[in-house]
Amino acid sequence: MKNRFLLTTCLVMSSLLAFTTAQAKELKLAYDADPVTLDIHEQLSGGVLQLAHMSFDPLIRWTKELAFEPRLATSYERLNPTTVRFKLRKGVKFHSGNTMTATDFKWTFNRLKESPDFKGIFANFTELNIIDDHTIDLVTSGPYPLVLHTATYIFPLDSEFYSGTDANGNDKGAIVKNGASFASTNLSGTGPFKVTSREQGVKVVFDRFEDYWDKSSPGNVSRIVFTPIKDEQTRVAALLSGGVDFIAPVSPNDFGQIRSSSNAELITMPGTRIITFQLNQERRSEFRDQRVRMAMVHAVNNEAIVQKIMKGFATTAAQFSPEGYLGYNPALKPRYDLKLAKQLMKDAGYEDGFSITMMAPNNRYVNDDKIAQAVAAMLSKINIKVDLQTMPKAQYWPAFDDRAADVMMIGWHSDTEDSANFYEFLAMTPDQSTGMGVYNSGNYSSDYVDTMTVKANAETDSKKRAKMLQDIEAKIFQDAGFIPLHWQNLAWAARKGVNVEPIVNALNFPYLGDLVID
Amino acid sequence: MNTMASPWQRLRESDLVHYYKRDKVAIAASTIFLILALMALFSPVIAPFDPYDLTQIDLMDSEMPPAWQEGADQRFLLGTDDQGRDLWSTILYGMRVSLLIGICAVLLQAAIGIVIGLVSGYVGGRVDNILMRIADVQLSFSTLMVAIIVLAIVKNAFGGETYSNYAMLILILVIGIAEWPQIARTVRSSVLAEKEKEYVDAAVVMGFGTIRIMFKHILPNCLSPIFVIATVQIANAIITEAALSFLGLGMPVTEPSLGSLISIGKEYLYSGSWWITLIPGLFLVVIVIAINLMGDFLRDVFNPRLYKD
């Protein structure tokens, strides 16, 4: 009797619980990894920018059709070739309760200029001038064609919240890479979701910000529970069993399974993220020989990787710029040729090969660890013995910053949807002070690329600019500056009733604030 | 009959052989084990490919189904894994790794366990107390947990390159050291029973040294339980190695063992490539069951209370 009573109470309680969660529109989100930090200026990466779009708002943002959409700016106009004026939205609150003004933009801009990862993007910007509380001017050093592109990266931080010192006497606004700082564990933005709790690598809970400025947003998600699930198969199983509502990325292996399921749907989109390997010329003298790099490029059968590992869900690449970008050079074709690769190794005097170390993440890009294994096997055919280590991205990026292996994998999505961004970060000679080449772990260096990229960034005639960018692409191709693999396509999957289709885009920043759950 | 029979004749007339001939399960288990062990031993000769040689694998051959399935390539009897390795060759090599790790780890366990068990049982008193409490502490941690922690630390401390060069040695050491109390306790209990017997007293009276009495007189009389437990421990060690490789802490990715193959295939299980997980899994199960059945048989023979006929 007593047992039955207990059972009934349990049933009633659980149904009540189910009822309340159904009302609250909770989104259970599972990506392959959670953001490594809450400081959106600490790392320039897809994961951190996705966080930025959840908890912050940019001045303007890209729409699905790749046009600009005003967010915290209500309007913008070009005053003269070097100045663009932005009118700011009024009455916008930060999570802390502070009101957003032009001062916050000024503070954020200065912080961006100091951030090792972001200063490269803002290299052409000299200052941000406050005209009044709700008007700012962005000034560039010369005519710059990508002002609006770059404005999508200005997410104002709550200057009052991040000012002062924390309990340990450290500056709250300090940017500490891969370390503990106030900003990496606390957050106050203007975005639709505030971070309620966070346990790195386990769970992040976001609650909808009750004073969010965008009342016209259709979004009805009041809580997001973000659980990182590294294993691809587990992530899909979690979606299909109803454990989570929205997953990304989806491995091409699992497409069939999701398509055949009646309660989940798959959304795919051609992507522009290039996956590459960089050959560290500082660590290995062999890589300074152009013939060796060329041999390695020729030894890697990236067509096979696309066909077999990516199951055709990617485009084989021979350069940085995907088709449609100004810098895309149609003359550059993938060049797998094992015979030529062996000949090149012989010419360079390394017929017997050598041993190298290689590192790749295992939860950052689609099939990253399998791609790395395949490349290791391909390089062994020209007698380059590879010691491969793969690791989760939380450990990978610090290792990448330390340049911990001879060959390292990096994928790059152009931050400005423009070719020059690839060169600035991946191909220009690394320079701490300007922030150029911060992700060029190969230390590939070419005067031509350095000077031409700077020139192209000052060229406003898009025809001339396209020619310059394509020439740079050809130069890097000839130098075999890196090993290009493919541009990976994008895939998300969601439970039926979670309408993710309208909020995802080719940039892979899902605008979860606008998500509608039926 | 000649009273001084040759060792071979003595073996043939022993209880062990007598019961073995009548136990069909034991015959079947040992035959299967022998076949698998021989296949593993001669894998470089039998296997059509060397799966650890990266130059022999081609990505274009990846995920080929077994030969009897549609779309198969006749070069690959049991199909290929996600990187284009021949599954049959990889299983043979993987079994060799598994057996080698299993047997060596148990030899190490036995070496440590026998010495500690003998000393503990024969010397007794405070020494016994200290040694057995250490064993208790060790037993209270599960082997897998100890192995995971040690391997993770080793991997981070020495870096991936050193680790993959010595992966097999490290696995043997970790599994061997983590499991010694099993054997030590068995040996100790036998020693406690043996040391009360007259032949030990006789040896003491004759003035033999302690070490000699322990190893030459007591140890041979404690061997049968050691054989039983060692057999079961080999199966355990193989499973532990497979579990560690499954978790990515065992053999390096370029030298997959049975456990790593199962782990690789898990991602393809639902997309149709069932053979990458299922076939190595089957081999693992068969080999472990065969060893366990042999252990069962030995226990039945050596245990006087379980005489069957």
Side-chain angles (χ1 to χ4, degrees), chain A residues 230-237 240 251-258 260-261 300-309 311 336 338 353 355-360 362 367 369-392 395 399 404-406, chain B residues 49-65 71 73 79-86 90 152 154-167 246-249 251-256 260-274 276-277:
Chain A
K230 179 186 155 286
D231 191 273
E232 271 145 22
Q233 186 56 51
T234 315
R235 206 156 56 232
V236 173
L240 296 181
S251 162
N253 283 330
D254 303 317
F255 285 2
Q257 209 187 334
I258 294 170
S260 64
S261 159
V300 172
N301 185 356
N302 46 6
E303 185 62 48
I305 292 176
V306 167
Q307 264 182 42
K308 286 292 186 168
I309 297 180
K311 303 274 189 284
Y336 165 62
L338 194 55
S355 293
I356 55 168
T357 55
M358 177 191 276
M359 275 187 194
N362 59 18
N367 289 329
D369 49 342
K370 295 191 195 79
I371 294 166
Q373 272 188 55
V375 169
M378 289 164 180
L379 290 178
S380 75
K381 297 199 174 143
I382 54 169
N383 293 325
I384 297 181
K385 194 178 166 291
V386 177
D387 169 49
L388 169 67
Q389 230 187 323
T390 62
M391 60 195 82
Q395 284 144 48
D406 303 336
Chain B
F49 298 90
D50 178 357
Y52 297 168
D53 180 6
L54 288 176
T55 55
Q56 289 193 13
I57 67 176
D58 188 347
L59 188 61
M60 292 314 285
D61 296 331
S62 65
E63 287 182 71
M64 292 274 187
D73 187 318
T80 56
D81 75 352
D82 65 327
Q83 296 284 335
R85 271 185 212 96
D86 177 36
T90 317
V154 169
K155 218 169 177 175
N156 282 320
F158 297 105
E161 194 172 10
T162 335
Y163 179 81
S164 36
N165 289 341
Y166 299 103
F246 184 82
L247 296 172
L249 284 165
M251 298 298 289
V253 278
T254 45
E255 292 173 26
S260 2
L261 274 179
I262 296 174
S263 163
I264 292 168
K266 180 181 59 111
E267 285 181 34
Y268 296 87
L269 201 56
Y270 291 102
S271 58
S273 307
W274 51 268
I276 309 177
T277 284

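Below, read A as the first sequence line, B as the second, and so on, with proteins coming before strands; counting in each chain starts at 1.
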Between [options], the one whose heavy-atom pairs under 4.5 Å with chain B are most numerous:
{"options": "A/Ile382, A/Leu379, A/Asn253", "result": "A/Asn253"}
{"options": "A/Ser251, A/Ala376, A/Ala374, A/Gly256", "result": "A/Ala374"}
{"options": "A/Ala377, A/Ala404, A/Ala304", "result": "A/Ala377"}

[X] versus chain B, the contacting section by heavy-atom distance below 4.5 Å:
{"X": "A/Glu303", "value": "neither"}
{"X": "A/Ile309", "value": "side chain"}
{"X": "A/Gln373", "value": "both"}
{"X": "A/Asn383", "value": "neither"}
{"X": "A/Met391", "value": "neither"}

key: Residues in ring-ring contact (aromatic ring centres under 6.0 Å, His included) contact with B/Phe49, at least two apart in sequence or another chain   =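 Only B/Phe76 meet the ring-ring contact (aromatic ring centres under 6.0 Å, His included) criterion with B/Phe49.
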Results of ring-ring contact (aromatic ring centres under 6.0 Å, His included) for B/Phe246 - residues two or more places apart only =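 Residues passing ring-ring contact (aromatic ring centres under 6.0 Å, His included) with B/Phe246: none at all.
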ask   = So which heavy atom on A/Gln307 is nearest to which on B/Met60, and how close?
value =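 Taking every non-hydrogen atom into account, OE1-CE, 3.3 Å.
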Closest contact, heavy atoms only, B/Leu59 versus A/Met378 =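 Distance-wise, the nearest heavy atoms are CD2-CE, 3.7 Å.
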ask   = Is there a donor-acceptor pair closer than 3.5 Å between any side-chain N or O of A/Lys381 and the backbone N or O of B/Ile57?
value =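 Yes, A/Lys381 side chain to B/Ile57 backbone: donor-acceptor pair under 3.5 Å.
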ask   = Can any side-chain N or O of B/Thr55 pair as donor or acceptor with the backbone N or O of A/Ser380 at less than 3.5 Å?
value =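 Checked: no pair found.
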query = At a heavy-atom separation under 4.5 Å, does B/Asp58 approach chain A through its side chain, its backbone, both, or neither?
reply =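 Both the backbone and the side chain of B/Asp58 come within 4.5 Å of chain A.
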request  = Can you measure from CD (A/Glu232) to NZ (B/Lys266) and round to the nearest 0.5 angstrom?
outcome  =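 It comes to 10.0 Å.
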inquiry  = What verdict does the side-chain contact (heavy atoms from CB on, under 4.5 Å) test give for A/Gln233 and B/Leu269, after you've listed the backbone C-alpha separation in whole Å, the side-chain angles of each residue and the deciding distance to 0.1 Å?
reply    = CA-CA 9 Å; A/Gln233 186 56 51; B/Leu269 201 56; over 6 Å; no
